[in-house]
Amino acid sequence: MRRMSEPAPDPREAAFLFELIRARYGNRLTPDQLEGVRRGVVAVVAQSTALRAVRLSNADEPVQRFVPFRADA
Amino acid sequence: MNPVFRPVRELSEAIRARRLSPVVLTETFLERLERLGPRYNAVVTITRERALGEARRAEGEIAAGRWRGPLHGIPYGAKDLLAAAGAPTTWGAAPLRTQTFDTDATVIQRLEAAGAVLVAKLAMVELAGGMGYRQPNASFTGPGISPWGADAWSGGSSSGSGSAVAAGLVPFAIGSETWGSILSPAAYCGVTGLRPTYGRVSRHGAMALCWTLDKLGPLGLTADDCGLVLEAIAGPDPHDSSAADRTFTHDAGDTAGRRFRFGVLRDVAEGAEPAVRAAFRHSLDTLEKIGTVEEVTLPDLPYDAIARTILFAEAASAFEDMIESGAIAGLTAPEDHYTPYARDAVLAKDYIKALRLRGVVMREADRVLARLDALVAPGRPATAPPLAGEFRSLHRPALDPMGAIGNMAGLPAVAVPNGFSESGLPTSLQFMGRAWADDIVLAAARAWQATTDWHQRHPAID
């Protein structure tokens with residue numbers, strides 16, 4: 001596991017994701033609220049960028065236990 | 001005896017010796033909840049009828065020699081995200097103020113089996129703060145107020161659980177923590193709060209915010225009381241697959257002479273409010289009386305970003321219906337009307353990356369904690385914020401590495417009072433331990449409280 005130097009978030013990514021959200025919910029939000037959502041998307045992209053800057057090994061599994069289901073087990 | 005501000009253990013001894021009537025005790029706290037609860041916006045529903053029924057039953061059983069244990073006849077309050085039959089369960093949200101459930105949450109059932117008396121459903125931040133609120137006025141019952149200051153927020157999301165214990169409205173309360181929701185009100189209200197190991201306590205019947213982060217735990221006047229309550233509510237539950245097949249026995253043994261090994265993350269109090277830093281420095285000196293304190297380090301990782309990604313993704317899914325339908329527009333906090341939409345920007349790949357990093361954090365935290373009894377840190381980096389204004393910004397959320405690590409790794413922590421600011425607001429110290437070491441962090445907190453008297457100071461109320 002290595003943390004690489006963190007690149008600045010790509011503003012285009014935030015812009016595209018914001019457009020997606022605006023297309024879905026824009027008709028119910030005021031301009032001020034949309035600006036709040038845009039800032040929220042920028043924060044999410046910054047947070048994702050921080051995660052992507054850490055290199056993991058192939059064997060680093062997600063912590064998410066999957067258990068096959070059987071009602072009588 | 002005046003039962004207000006007495007630890008559960010003392011009340012219990014008086015009840016068992018029949019020097020204190022559970023009915024009279026319950027009536028005392030019902031009266032305080034009715035009279036003082038509104039002052040702190042601490043209460044959603046007072047369960048008077050149910051409480052008096054449970055108290056009369058306790059009194060009869062004890063008189064007949066059937067003592068169930070240390071919670072028998074003790075009144076308590078439950079955060080209003082726990083289902084209780086016969087009362088609304090509002091999750092703090094205006095659109096859900098008439099929501100009811102037919103059965104009790106497992107925790108309520110277990111407390112009833114232990115003989116405890118449910119006197120109130122306590123106020124909380126709407127949807128346990130999961131929509132991203134940034135200021136205290138985020139519940140249909142109004143902003144929670146700390147009994148230590150008329151303009152001081154109680155913290156959240158277990159707001160009423162913290163303020164009700166601090167104001168002597170209940171001897172103990174149940175809260176929940178996804179990230180900070182027990183430790184924050186414990187700190188801002190100057191009481192003791194226990195965040196148990198993830199999986200220690202069943203969440204069946206509790207509102208889900210983030211399935212892999214949610215925990216239920218007690219707030220009380222002492223760490224000993226929190227241990228008594230944890231023993232009653234812990235254990236496996238067929239209705240909650242996360243509830244581990246482990247029972248918990250509270251060790252109330254004398255901690256005198258016991259030496260603990262404490263660790264402090266480098267710069268953990270950096271950026272904290274001056275009063276918090278001063279109290280923490282003083283606490284480190286005091287901790288030397290009961291153990292050793294050493295500086296430790298963890299790898300440089302984006303702890304907050306990892307925890308926040310998990311929280312955003314799971315909360316967006318847990319409340320998908322409310323968000324997609326636009327029902328969040330009926331919530332109290334204006335920012336909760338739109339903030340959740342931005343979480344559509346969390347990509348599946350990034351959520352999985354966060355879960356992979358979570359594994360790394362769990363292993364690294366355990367590597368450090370394996371040599372220690374507990375990591376210590378300020379319970380919160382600040383004293384209670386004022387009721388008006390934002391306590392965090394959308395752009396730059398306050399960094400909370402202990403909270404991020406502890407919650408994403410499911411680690412137990414106890415917050416205890418450790419001082420006051422110049423303006424009379426409490427500060428807090430937290431002990432965080434290895435997974436399943438709830439007994440050790442409680443022992444450390446009990447040793448702390450045997451050495452200090454911060455937990456015996458109470459706000460002027462009446």
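Letters A, B, ... are given to chains in the order of the sequence lines, protein chains preceding strands, and every chain is numbered from 1.
Only the side chain of B:P299 comes within contact range of chain A, with heavy atoms under 4.5 Å apart. For a residue to count as touching a neighbouring chain, one of its non-hydrogen atoms must lie under 4.5 Å from one of that chain's; by this rule B:L347 touches chain A with the side chain only. Neither the backbone nor the side chain of B:E335 comes within contact range of chain A; no heavy atoms are under 4.5 Å apart. Contacts between B:V360 and chain A at a heavy-atom distance below 4.5 Å involve the side chain alone, from C-beta outward. With a 4.5 Å cut-off on non-hydrogen atoms, B:T212 does not touch chain A at all.
Interface summary for chain B: among A:T30, A:V63, A:L34, A:V45, the most heavy-atom pairs under 4.5 angstrom belong to A:V63. The choice from A:L20, A:V41, A:L51, A:D60 that makes the most heavy-atom pairs within less than 4.5 Å of chain B is A:L51. For the options B:S241, B:A305, B:P340, heavy-atom pairs under 4.5 Å to chain A are most numerous at B:A305. Ranked by non-hydrogen atom pairs under 4.5 Å with chain B, the options A:L17, A:I21, A:L29, A:T49 are led by A:I21. Your options are B:I323, B:I306, B:L301, B:I310, and the one with the most heavy-atom pairs under 4.5 Å with chain A is B:L301.
Relative ring orientation between B:H204 and B:H239 is described as parallel, the plane-to-plane angle staying below 30° on a 0-90° scale split at 30° and 60°. Note: A:Y25 and B:Y341 have tilted aromatic rings, judged against thresholds of 30 and 60 degrees for the angle between ring planes.
When each of B:L411, B:D438, B:V441 is tested with B:T197 by the rule side-chain contact (heavy atoms from CB on, under 4.5 Å), just one qualifies, namely B:D438.
Judged by the 6.0 Å distance and 45° axis criteria, B:R343 is positioned over the aromatic ring of B:F312.
Rounding to the nearest 0.5 Å places CZ of B:F140 at 11.5 Å from CG of B:L331.
Contact check for B:P412 versus B:R200: no side-chain heavy atoms found under the 4.5 Å cut-off.
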